[in-house]
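Some notes on the structure that comes next.
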Amino acid sequence: MNNLGEKIKFCRKEKGLTLKKLSDMTGLSVGFISNIERNQNSPSVSNLQQICAALSINLMEILQVNSDSSPVVKREERKEIFSSNSDHTKIELLTKGSHKLNSIAITIDGNSDYSDLSWGHDYDEIGIVIKGALEIEVNNEIFNLTEGDSVYLEKFTPHKYRNPLKDPSIVYWFSVKK
């Protein structure tokens, strides 16, 4: 099971939820969720987070693709697991196979704004700015991070972020799998 829609459908059914119940829990329409499950719609990161929160699953884990477990991933070998023009983001895996850590690289287009994106994950995570900058709002306080800066977010901490620069920014995110 390597595609996003199949994983969401599997998790929904495993939890005994109907499309209608998941729709009620997320505020997303039944048709939209159905189209995601059939891979006919590409959800935004915000939509994915809503679905993951309702299903009590980790966003990084649902995006994870199981493949070989080589300890090395060259930059050109990274697997792109999500891309959204509306969110101006691209998410790539930093590891292959099954490991105890989730690790992703998020590339954010220049001058992107995530004013509608606010998550409260059920896991702690750390983000490290690798290139560019990141403006992140945590508990209504804004922090400006530049290359080499990091942010630690405890579980259930709402946050939203944006790239304040005109050039793309890259942030690596890490969390422990449940």
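Salt bridge present: Glu37 and Arg12 bring a charged side-chain N and a carboxylate O closer than 4.0 Å.
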Show your working on side-chain contact (heavy atoms from CB on, under 4.5 Å) between His159 and Glu137 and close with a plain yes or no. CA-CA 5 Å; His159 57 283; Glu137 183 178 329; over 6 Å; no
Give the C-alpha distance, both sets of side-chain angles, the deciding distance and a yes or no for side-chain contact (heavy atoms from CB on, under 4.5 Å) between Val129 and Thr146. CA-CA 6 Å; Val129 178; Thr146 58; 5.8 Å; no
Step by step, work out the side-chain contact (heavy atoms from CB on, under 4.5 Å) result for Phe143 and Glu141. CA-CA 7 Å; Phe143 299 92; Glu141 187 175 352; 3.4 Å; yes
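When hydrophobic clusters are built by joining Ile, Leu, Val, Met, Phe, Trp and Tyr residues whose side-chain heavy atoms come closer than 4.5 Å, directly or via intermediates, Leu145 is not grouped with Leu165. Hydrophobic clustering keeps Val73 apart from Ile91 (ILVMFWY residues linked when any side-chain heavy atoms are closer than 4.5 Å, directly or through intermediates). At a threshold of 4.5 Å between side-chain heavy atoms, the hydrophobic network of Ile, Leu, Val, Met, Phe, Trp and Tyr places Leu17 and Val30 in one connected group.
Judged by distance alone, with hydrogens and angles left aside, the side-chain atoms of Thr26 form a donor-acceptor pair with the main-chain N or O of Leu22 at under 3.5 Å. The main-chain N or O of Leu55 is found under 3.5 Å from a side-chain atom of Lys15 such that the two form a donor-acceptor pair. For Asn47 (side chain) and Ile51 (main-chain N/O), no donor-acceptor pair under 3.5 Å exists by modelled atom type. No side-chain donor-acceptor contact under 3.5 Å links Asn35 to the backbone of Phe32.
Hydrophobic cluster membership of Leu94, counting Ile, Leu, Val, Met, Phe, Trp and Tyr whose side-chain heavy atoms lie under 4.5 Å apart directly or via other members: Ile126, Ile128, Ile130, Tyr152, Ile170, Tyr172, Phe174.
Two residues are said to be in side-chain contact when any heavy atoms from C-beta on lie closer than 4.5 Å; Leu134 and Asn163 fail this criterion.
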